[in-house]
Amino acid sequence: MKRIFLDQLSENVEITGKDANHLANSLRAKKGDKIIAVDKFGNTATLELTKFDSEKIYAKCISEITKAEIGEKKITLADCLPKQNKFDDIVEKATELGINKLQPLISDRTIARPGNFRAKTKLERWNRIAKEAAEQCARDTIPEIGEITEILNWLEEIAPNIGRFKNGKFNCQGALLLFCNERETSENLSEILTEYKNCNCEKNIIILIGPEGGFSDREVREIKNFGGVSVSLGKTILKTDTAAISALAIVQYELS
């Protein structure tokens, strides 16, 4: 069944703008069709399309509105911007893999550094990609995409909410911050997650991925100072976009 995201669900709904255009022209929807509608809070309902005009589609709710369930874990992907448009693919695949938030970052070795206008344009495109991916994979929520931020500013912002992983144990006092480090030789991501899974705490994980060339020595020190746990994804050096998807897949598997 076709799925769309709306700001609000009610007994009678007017679908406008790009959503109406997508339904009518891309999905070939017609009067009498039934669709699943999801609001910005993750609540869902079944709608029947009742009328089409040049700019709007009218629909009525034919089911109870189902309240969103609170997820068992929260996953944030913090990713230093890669070159070209690779971040578009990261947004799409990370949405499919169930992230709650995607945080684009600028680091010492980041090559892509969009100015204010380009940054705004990119954020608009990434939000559109996330919405389309969420509809395609039947998610009940669209991941939040943060503003493009310098990595150290971001670390200072989240610092009060980061827990500590020491001597193989997590103190259960905040989120677990994992950063993928190609120079790491001892800490395996899967092993860290196995220990974390057994902790009696709310599961809130932040996965930090570096740019082409990885993190600088200064950044590695700072990330560790803020509570970040350096982990390895294996013996091979992965491209930044491959590393992001690989880490997310491992997290979802280990904590499922």
Side-chain angles (χ1 to χ4, degrees), residues 74-97 99-131 133 142-162 175-185 187 189 204-251:
K74 180 179 180 180
I75 301 175
T76 296
L77 174 64
D79 203 321
C80 298
L81 291 177
K83 294 183 292 186
Q84 301 172 341
N85 290 324
K86 292 180 181 178
F87 205 77
D88 292 7
D89 293 332
I90 292 172
V91 172
E92 180 183 63
K93 302 308 178 186
T95 299
E96 293 176 15
L97 286 167
I99 63 163
N100 301 89
K101 181 175 181 178
L102 181 54
Q103 177 62 59
L105 298 172
I106 300 290
S107 63
D108 287 347
R109 295 173 179 166
T110 298
I111 296 173
R113 295 172 180 266
N116 290 338
F117 176 77
R118 289 189 62 220
K120 181 180 178 181
T121 302
K122 285 180 177 294
L123 284 171
E124 290 173 351
R125 184 170 75 247
W126 295 335
N127 277 290
R128 183 177 70 251
I129 291 171
K131 180 174 180 289
I142 304 172
E144 175 189 354
I145 300 182
E147 299 283 340
I148 299 172
T149 307
E150 293 283 345
I151 187 170
L152 293 184
N153 292 338
W154 172 75
L155 285 169
E156 290 174 355
E157 179 184 335
I158 67 170
N161 301 315
I162 298 301
L176 172 61
L177 172 59
L178 302 169
F179 75 100
C180 299
N181 183 1
E182 70 272 13
R183 289 172 285 178
E184 179 61 55
T185 58
E187 298 290 3
L189 176 57
N204 186 354
I205 301 173
I206 302 171
I207 302 171
L208 175 56
I209 304 292
E212 292 90 351
F215 295 109
S216 67
D217 291 340
R218 178 182 71 94
E219 288 171 334
V220 170
R221 290 193 299 270
E222 291 289 352
I223 296 167
K224 288 182 177 180
N225 287 338
F226 280 103
V229 181
S230 175
V231 295
S232 170
L233 291 176
K235 295 180 179 180
T236 58
I237 304 297
L238 303 179
K239 292 182 178 180
T240 182
D241 48 333
T242 306
I245 304 310
S246 298
L248 282 172
I250 293 170
V251 167

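- Side chain of E212 to backbone of I111: no donor-acceptor contact under 3.5 angstrom is found.
- Put simply, CZ on R221 and CG on D217 are 6.0 Å apart, with the number rounded to the nearest 0.5 Å.
- The nearest pair of heavy atoms linking G213 to E182 is O-OE2, 4.0 Å.
- Residue pairs that meet the ring-ring contact (aromatic ring centres under 6.0 Å, His included) test with at least one member in residues 220-251, sequence neighbours left out, do not exist here.
- Atom CG of L176 and atom CD1 of I207 lie 9.0 Å apart (nearest 0.5 Å).
- Evaluation of the side-chain contact (heavy atoms from CB on, under 4.5 Å) rule for N181 yields F179, R183, E184, V220, S230 as partners, not counting sequence neighbours.
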Side-chain donor-acceptor pairs under 3.5 Å in residues 238-250, sequence neighbours left out?
unit_1: T240; atom_1: OG1; unit_2: G210; atom_2: O; d: 2.6
unit_1: S246; atom_1: OG; unit_2: T242; atom_2: O; d: 2.8

Show me, pair by pair, the donor-acceptor contacts under 3.5 angstrom made by side chains of residues 142-157, not counting sequence neighbours?
unit_1: T149; atom_1: OG1; unit_2: Q103; atom_2: NE2; d: 3.4
unit_1: T149; atom_1: OG1; unit_2: E147; atom_2: O; d: 2.8

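- Closest approach of V91 to W126, counting heavy atoms only: CG1-O, 3.5 Å.
- Within the 4.5 Å cutoff, no side-chain heavy atoms of C180 are placed close to those of L208.
- Here the CD-CG distance, from E92 to L97, works out to 10.5 Å after rounding to the nearest 0.5 Å.
- Interatomic distance, CD1 of I205 versus CG of L77, reported as 12.0 Å (0.5 Å rounding).
- To the nearest 0.5 Å, atom CG of residue D108 and atom SG of residue C80 are 9.0 Å apart.
- A donor-acceptor contact shorter than 3.5 Å is absent between the side chain of N100 and the backbone of T76.
- Residues L81 and A112 approach most closely at CD1-O, 3.9 Å, considering heavy atoms.
- Within the model, atoms CD1 of I129 and CG of N85 stand 8.5 Å from one another, a figure rounded to the nearest 0.5 Å.
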Item to complete: Please step through side chain to side chain contact (heavy atoms under 4.5 Å, CB included) for the pair K131 and R128, ending with a clear verdict.
Response: CA-CA 5 Å; K131 180 174 180 289; R128 183 177 70 251; 5.7 Å; no

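- With sequence neighbours excluded, no residue forms a side-chain hydrogen bond (donor to acceptor under 3.5 Å, both in side chains) with S232.
- Partners of E96 according to the side-chain hydrogen bond (donor to acceptor under 3.5 Å, both in side chains) rule, which considers only residues two or more places apart in sequence or in another chain, do not exist here.
- The minimum heavy-atom distance linking T95 with A130 is given by the pair CG2-O, 3.6 Å.
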